[in-house]
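Residue numbers start from 1 in every chain, and the chains themselves are labelled A, B, ... in the order their sequence lines are given, proteins ahead of strands.
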Protein chains: 2
Amino acid sequence: MARRNDHTREELRELALEAAEHIVQTQGVEALSTRKVATAIGYSVGSLYSVFSNLDDLCWQLNTRTLTELLEELERQQAEEPKACLHAYGLIYLQFAQRHPERWRLLFEHRSPEGKQMPDALETQIATLFSYIDRCLGTLFPAWSANELALRARTVWSGVHGIAQLQLGDKLFLQEPDGATQMLALLIDGLLKGWQQEGECHA
Amino acid sequence: MARRNDHTREELRELALEAAEHIVQTQGVEALSTRKVATAIGYSVGSLYSVFSNLDDLCWQLNTRTLTELLEELERQQAEEPKACLHAYGLIYLQFAQRHPERWRLLFEHRSPEGKQMPDALETQIATLFSYIDRCLGTLFPAWSANELALRARTVWSGVHGIAQLQLGDKLFLQEPDGATQMLALLIDGLLKGWQQEGECHA
DNA sequence: TCTCCTTAATGAACACTGTTCAATTATTAT
DNA sequence: ATAATAATTGAACAGTGTTCATTAAGGAGA
């Protein structure tokens with residue numbers, strides 16, 4: 001059996017990514033293997049390696065898909081007020097992590113062997129993510145420089161990200177089920193209020 | 001060769017953990033394997049399994065050691081002023097993550113197969129970590145309830161933790177080399193100022 | 001229709017992994 | 001010296017990522 005041409009290269013890639021996504025979601029990150037993906041799509045391991053350079057490559061492509069999905073959800077939200085917008089972003093982020101815990105883990109915990117860099121596509125997407133927060137902060141604090149803005153946007157996002165990660169790792173030990181959501185509100189409100197009062201009104 | 005008694009059970013455990021720590025630090029988390037640890041301490045794989053129930057167990061014990069080391073560093077710092085204390089804690093945390101990136105990764109990214117819980121010892125240590133921040137916040141905001149305090153202590157820690165993780169994952173994309181340190185200051189100062197002005201002075 | 005060439009597709013092979021457990025052997029007790 | 005005990009081993013099993021010689025299907029030219 002050769003040159004079956006049941007699927008084009010691109011179709012095969014899509015099939016494989018879909019199968020991999022399903023395995024990760026249902027059996028966890030560590031259950032992902034080339035043989036499982038191959039059998040899931042009805043091809044052999046060798047065929048996989050004609051589409052992806054290796055498992056690492058497949059993981060990054062999967063992560064790109066995941067981040068695309070997250071970015072789409074973030075774009076879909078349309079609060080005008082920048083403060084409300086930031087809250088909405090944070091909530092979407094937290095809920096996305098909760099809904100897709102394994103894919104989220106792969107996105108932030110996968111590292112290439114031998115310190116290979118993450119692909120440019122993903123780097124661009126993360127930059128896009130930052131730009132959303134940048135925009136919100138920019139309208140709230142028009143006086144800040146681009147550098148200042150970048151630094152603070154990353155600070156906000158780190159906070160949200162930290163909450164998401166600790167929550168997923170069961171390292172928060174909170175009684176309330178919506179503890180993470182409450183923390184999110186405390187974080188964003190606290191930072192915005194604190195940064196607003198910078199210089200003025202210092203107790 | 002049996003009953004060599006070169007080392008007691010406890011000594012063997014210690015040897016193995018030390019070797020594992022070294023492997024993780026020098027070759028990365030994914031390079032850790034039972035055979036490598038075994039050969040490093042001059043025993044066979046089988047002997048490892050008489051001291052640890054499996055690799056997962058060894059990882060958790062390694063993580064307990066790492067967290068002990070971090071807690072010791074946190075205790076060593078002795079700023080009286082609660083605000084300064086929080087800053088110091090954050091800096092120690094960030095620097096610890098930078099100095100021991102692989103052990104830190106293992107600590108926060110390791111998950112047991114089949115959703116087994118993390119051991120009680122580690123849970124207690126994390127609670128201790130929270131208690132430090134609790135104490136600082138408690139003296140700054142004596143009016144808060146224990147619940148309120150817990151929620152905010154975790155919020156602060158999530159922020160610091162998020163900065164540490166994104167920095168290690170090269171997902172911050174900042175020009176300045178000390179960007180993470182600046183973010184840390186912005187985070188803590190912002191949150192404290194914002195939480196201080198809560199209710200009063202609301203713009 | 002019958003070759004010939006190209007190439008999609010395979011799966012055995014290699015070196016690794018965690019884990020188990022019968023076999024071996026050094027120490028202790030009798 | 002002998003028997004009992006338990007520390008230690010390493011082969012075996014099922015899995016992993018990756019490579020690559022082999023196979024066979026499709027198209028082109030006669």
Side-chain angles (χ1 to χ4, degrees), chain A residues 1-17 19-20 22-24 26-63 102 106 109-116, chain B residues 1-17 19-20 23-24 26-63 102 105-106 109-116:
Chain A
M1 47 204 73
R3 179 89 68 94
R4 289 194 327 202
N5 278 337
D6 287 357
H7 305 100
T8 69
R9 230 98 255 268
E10 186 52 36
E11 282 173 336
L12 221 153
R13 200 185 76 96
E14 215 64 42
L15 273 174
L17 285 174
H22 183 255
I23 292 170
V24 167
T26 55
Q27 295 159 251
V29 176
E30 25 278 316
L32 182 64
S33 82
T34 52
R35 285 177 182 51
K36 272 187 197 163
V37 173
T39 51
I41 64 173
Y43 278 82
S44 70
V45 255
S47 292
L48 263 191
Y49 279 83
S50 74
V51 178
F52 305 96
S53 57
N54 49 33
L55 187 63
D56 184 57
D57 179 29
L58 190 150
C59 283
W60 285 122
Q61 295 203 28
L62 226 173
N63 282 340
E102 294 300 331
L106 189 69
E109 297 179 6
H110 177 71
R111 214 126 310 164
S112 291
E114 293 257 0
K116 229 181 303 168
Chain B
M1 46 203 76
R3 179 90 66 97
R4 289 196 325 205
N5 278 339
D6 287 356
H7 305 99
T8 68
R9 230 98 256 271
E10 186 52 35
E11 283 173 335
L12 221 153
R13 198 185 77 96
E14 215 65 41
L15 274 174
L17 285 175
I23 291 169
V24 167
T26 55
Q27 295 160 250
V29 176
E30 27 278 317
L32 182 64
S33 82
T34 52
R35 293 203 225 299
K36 271 186 198 165
V37 173
T39 50
I41 63 175
Y43 279 82
S44 70
V45 254
S47 291
L48 263 192
Y49 277 83
S50 74
V51 177
F52 305 96
S53 56
N54 48 34
L55 187 63
D56 183 56
D57 180 28
L58 190 151
C59 282
W60 285 121
Q61 295 202 29
L62 225 174
N63 282 340
E102 293 300 330
R105 278 192 57 201
L106 189 70
E109 297 179 4
H110 177 71
R111 216 125 307 165
S112 293
E114 294 256 0
K116 228 181 304 169

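Residues forming a side chain to side chain donor-acceptor pair (under 3.5 Å) with A:E30 (at least two apart in sequence, or on another chain): A:R105. In this view, A:E14 and A:R65 satisfy the side chain to side chain donor-acceptor pair (under 3.5 Å) rule, not counting sequence neighbours.
Around CD of A:E10, the count of heavy atoms belonging to other residues, nucleotides or ligands within 6.0 Å exceeds 12.
In this entry the distance linking CG of A:L15 with C1' of C:dA8 reads 16 Å, nearest Å. Per the geometry, CZ belonging to A:R13 stands 16 Å off P belonging to C:dA9, to the nearest Å. Atom P of nucleotide C:dT7 and atom CZ of A:R9 are separated by 11 Å, given to the nearest angstrom. Straight-line distance from the OH atom of B:Y43 to the C1' atom of D:dT8: 9 Å, rounded to whole Å. Counting to the nearest Å, the P atom of C:dT19 and the CG atom of B:D56 are 8 Å from each other. Between the C1' atom of D:dA7 and the CG atom of B:D6 lies a distance of 11 Å, rounded to the nearest Å. Across the protein-nucleic acid pair, B:H7 atom NE2 and D:dA6 atom P stand 21 Å apart, rounded to whole Å. Spacing between atom CG of B:L58 and atom P of C:dT19 amounts to 10 Å, rounded to whole angstrom units.
Counting only heavy atoms from C-beta outward, the side chains of A:D56 and A:K116 approach each other to under 4.5 Å. At a threshold of 4.5 Å between non-hydrogen side-chain atoms, the residues B:E109 and B:V29 do not count as touching. Residues A:L106 and A:E102 are not in side-chain contact: their nearest non-hydrogen atoms beyond the backbone lie 4.5 Å or more apart.
A:S47 has a side-chain polar atom (N or O) that falls below the 4.0 Å cut-off from OP1 or OP2 of C:dT10.
Taking every side-chain heavy atom of B:Y49 into account, C:dT19 is the closest of C:dT19, D:dT8, C:dA9.
For DNA chain D, none of the residues of residues 26-37 of chain B falls under the heavy-atom distance limit of 4.0 Å.
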